[in-house]
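Just below is one structure, and these are the notes that go with it.
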Amino acid sequence: MKQTIAQKMVRIFSEAGAKHCYGVPGDTLNYFTDAIRTSSISFVHMRHEEAGAFAAGAEALLADRLTLCAGSCGPGSLHFINGLWETNRNRAPVVLIASQIARDQLGFEFPQEVDFKKIYDAGTVFCEEIRTPAQAERMTVMAIQAAIARRGVAVLIVPSDIFSATIEGSAGFKPHIARPVSQPHPEELQAVAELLNSGTNITIYGGSGCAEGHHEVIALAEKLKSPLARTSRAKDWLEHDNPFDVGMTGVLGTRGGLHAVSECDTLLLLGCDFAWSQYYPHQANIIQIDIDPVHLGRRHPIELGVAGDIKTTISALLPLIKDRSDRTFLDKCLSVANEAEKKTKCTRC
């Protein structure tokens, strides 16, 4: 049975778990929105594409699923840029379908011609144009897998005549959503344990990379008798059921979090890429664990950096950590955090 390329793309997006597509319909996007109309994906009509990009990024981040946004040629798909830059920094899996003018008009300065690849290449994890109908299934799958595996924004540039082209059967390409786990080499884990076991005033500073590892991080804080500070993005993952919580630090932080980080002699960074270097301690040994090796030591000099996902890595690290009984530093940090919280409460509460 013949289908349009737009219909085939929508089917693949649906198979990958996409529920919504945010954008403004019309013009070169018409074949795609018509294909969505008869699918399980809902098109959410926005007043402006920029708002659509932020909405798609929010859904992808909070629901942890692939989300779409789509726009027409020229300035239509260009308007997504601010929201998608934010989404890519937030490591949320979003695919932008940037519809383009027909191929036979490209290169002639057509009024709505924009070189989307040159623009979006700089701030996304994937940006490619579908040049022939035969490429469509394979390129759509590659965009989906890049957005999910690399945790960011993928851009598919699709000329309008590609959307409307029909093709018989299927090439057999389908999305494969892999979720591997990783942990550091045993020698690296041993080195982390030795630094933590030799520390006196130890603070854990957790980021959004701790999303799946709440239980493990709390167990590590219990062993180390360590205060646990967090980034703003880690609030959902680390604040609840946490007797070691001392709040956030940094630009939006609290005195408790700032004290725990600035007064420690050993700081363990877990799944965070906090950018403001002035809030890192200068006198402490800093250990960093992150899923992305590129993040290691890029914000502030560190003593040791290892790569691995937080849940798996901390599970492997826990047997190597000595149980501590001295709570002096922990109790001091909790006291500072509690006093700061009392002072910030409304007097009418």
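Heavy atoms only: backbone and side chains are in, while hydrogens, waters and symmetry mates are out.
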*asked:* Main chain of Ala154, side chain of Glu128: is a donor-acceptor contact present, judged purely on distance under 3.5 Å?
replied: no
*State, to 0.1 Å, how close Ala35 and Val10 come at their nearest heavy-atom pair, and which atoms those are.*
CB-CG2, 3.7 Å
*Hey, does Tyr279 have a side-chain heavy atom less than 4.5 Å from the side chain of Val261?*
no
*asked:* So for atom NE2, which belongs to His48, do other residues, nucleotides or ligands contribute more than 12 heavy atoms lying within a distance under 6.0 Å?
replied: yes
*To the nearest 0.5 Å, how far apart are CD1 in Ile157 and CZ in Arg131?*
9.0 Å
*Does the pair Lys117/Glu129 count as a salt bridge with the N-to-O cut at 4.0 Å?*
no
*Taking atom NE2 of His20 and atom CD1 of Ile41, what is their separation to the nearest 0.5 Å?*
10.0 Å
*asked:* More than 12 heavy atoms of other residues, nucleotides or ligands under 6.0 Å from CD of Glu50: yes or no?
replied: yes
*Going hydrophobic residue to hydrophobic residue with side-chain gaps under 4.5 angstrom, can you get from Leu68 over to Phe80?*
no
*asked:* What's the separation between atom OG in Ser208 and atom CH2 in Trp237, rounded to the nearest 0.5 Å?
replied: 8.5 Å
*Mind checking whether Gln190 and Leu195 have side chains closer than 4.5 Å, heavy atoms only?*
no
*Listed once per pair and sorted, the ring pair (Phe, Tyr, Trp, His ring centres under 6.0 Å) pairs that draw on residues 154-199, sequence neighbours left out*: Phe32-Phe163
_side-chain contact (heavy atoms from CB on, under 4.5 Å), paired with Cys210, selected from Ile289, Asp236, Val217_ = Val217
*Name the orientation class of the two ring planes belonging to Tyr205 and Phe274 (parallel below 30°, tilted from 30 to 60°, perpendicular beyond 60°).*
perpendicular
*For Leu84 and Val153, which heavy atoms make the closest approach, and how far apart are they?*
O-CG2, 3.6 Å
*Do other residues, nucleotides or ligands put more than 12 heavy atoms under 6.0 Å from the CZ atom of Arg298?*
yes
*Among side-chain atoms of Asn90 and Thr87, is any donor-acceptor pair under 3.5 angstrom?*
no
*Excluding sequence neighbours, so at least two apart, what forms salt bridge (Lys or Arg N to Asp or Glu O under 4.0 Å) with Glu216?*
Lys311
*asked:* What verdict does the salt bridge (charged side-chain N to carboxylate O under 4.0 Å, His left out) test give for Asp326 and Lys225, after you've listed the backbone C-alpha separation in whole Å, the side-chain angles of each residue and the deciding distance to 0.1 Å?
replied: CA-CA 7 Å; Asp326 186 355; Lys225 301 299 182 287; over 6 Å; no
*Would you indicate whether the side-chain heavy atoms of Thr266 and Asn201 approach each other to under 4.5 Å?*
no
*Can you tell me how far CD1 of Ile167 sits from NZ of Lys2, rounded to the nearest 0.5 angstrom?*
9.5 Å
*Report yes or no: does Ser72 contribute a side-chain atom to a donor-acceptor pair with the main-chain N or O of Gly26 at less than 3.5 Å?*
no
*Are Arg150 and Asp292 within salt-bridge range, i.e. N to O under 4.0 Å?*
no
_Residues Ser39 and Ser14: side-chain donor-acceptor under 3.5 angstrom_ = no
_Heavy-atom side-chain contact between Phe43 and Tyr22 under 4.5 Å_ = no
_side-chain contact (heavy atoms from CB on, under 4.5 Å), that's the test. Do Ile321 and Asn197 meet it? Break it down for me._
CA-CA 6 Å; Ile321 300 299; Asn197 288 331; 3.9 Å; yes
*asked:* Do Leu228 and Ile218 make a side-chain contact, defined as non-hydrogen atoms from C-beta onward lying under 4.5 Å apart?
replied: yes
*Heavy-atom pair with the smallest gap, counting every atom of Leu61 and Ala92*: N-CB, 3.9 Å
*Shortest non-hydrogen contact between Ser170 and Arg11, atoms and distance*: OG-NH2, 4.0 Å
*Which atoms form the tightest heavy-atom contact between Ile310 and Gly271, and what is the distance?*
CD1-N, 3.5 Å
*Is any side-chain heavy atom of Tyr280 closer than 4.5 Å to a side-chain heavy atom of Gln278?*
no
*Where do Tyr120 and Cys127 come nearest, in terms of heavy atoms and distance?*
CB-SG, 3.9 Å
*Salt-bridge test for Lys332 and Glu263: reply yes if a basic N is under 4.0 Å from a carboxylate O, no otherwise.*
no
*asked:* Do Ile286 and Leu304 have side chains that approach each other closer than 4.5 Å (heavy atoms only, starting at C-beta)?
replied: no
*Does OH belonging to Tyr31 count more than 12 external heavy atoms closer than 6.0 Å?*
no
*Between Thr312 and Gln183, is there a donor-acceptor pair closer than 3.5 Å when you use the side chain of the first and the backbone of the second?*
no
*asked:* Applying side-chain contact (heavy atoms from CB on, under 4.5 Å) to Lys322 and Lys223, what does each step give before you reach the verdict?
replied: CA-CA 7 Å; Lys322 297 176 182 177; Lys223 270 199 161 186; over 6 Å; no
*Would you please say whether a donor-acceptor pair under 3.5 Å links the side chains of Gln3 and Thr166?*
no
*Drop me the distance from Thr140's OG1 to Ile12's CD1, to the nearest 0.5 angstrom.*
5.0 Å
*Decide whether Ile148 and Val155 are clustered together by the hydrophobic rule: side chain heavy atoms of Ile, Leu, Val, Met, Phe, Trp, Tyr closer than 4.5 Å, transitively.*
no
*Stepwise, does the salt bridge (charged side-chain N to carboxylate O under 4.0 Å, His left out) test hold for Lys19 with Glu59?*
CA-CA 10 Å; Lys19 302 294 184 185; Glu59 178 179 327; over 6 Å; no
*What do the steps show when you test Leu189 against Val306 for side-chain contact (heavy atoms from CB on, under 4.5 Å), and what is the final call?*
CA-CA 8 Å; Leu189 279 175; Val306 298; 5.9 Å; no
*With distance as the sole test, does Thr67 use its side chain to make a donor-acceptor pair with the main-chain N or O of Arg65 at under 3.5 Å?*
yes
*Quick one: are Thr254 and Leu258 in side-chain contact, heavy atoms under 4.5 Å?*
no
*For side chain to side chain donor-acceptor pair (under 3.5 Å), just list the numbers for Ser335 and Asn338, CA-CA rounded to whole Å, side-chain angles, deciding distance to a tenth of an Å, and then say yes or no.*
CA-CA 5 Å; Ser335 175; Asn338 290 334; over 6 Å; no
*Thinking salt bridges, do Arg299 and Asp273 make one under a 4.0 Å N-O criterion?*
yes
*Does the Ser198 side chain pair with the main chain of Glu194, one donor and one acceptor, at a distance under 3.5 Å?*
yes
_side chain to side chain donor-acceptor pair (under 3.5 Å) contacts in which one or both residues fall within residues 97-107, not counting sequence neighbours_ = Thr28-Ser99, Arg103-Asp161
*Can you measure from CD1 (Ile97) to CG (Leu156) and round to the nearest 0.5 angstrom?*
6.5 Å
*State whether the side chain of Asn30 and the backbone N or O of Asp27 hold a donor-acceptor pair below 3.5 Å, judged by distance alone.*
yes
*Are Lys174 and Glu15 within salt-bridge range, i.e. N to O under 4.0 Å?*
no
_Is it the case that over 12 heavy atoms from other parts of the model lie below 6.0 angstrom from the CD atom of Gln283?_
yes
*Give a yes or no on whether the backbone of Thr4 and the side-chain of Gln7 come within a donor-acceptor separation of less than 3.5 Å.*
yes
*Go through Asp265 and Asn285 one step at a time and tell me if the side-chain contact (heavy atoms from CB on, under 4.5 Å) criterion holds.*
CA-CA 6 Å; Asp265 61 37; Asn285 285 327; over 6 Å; no
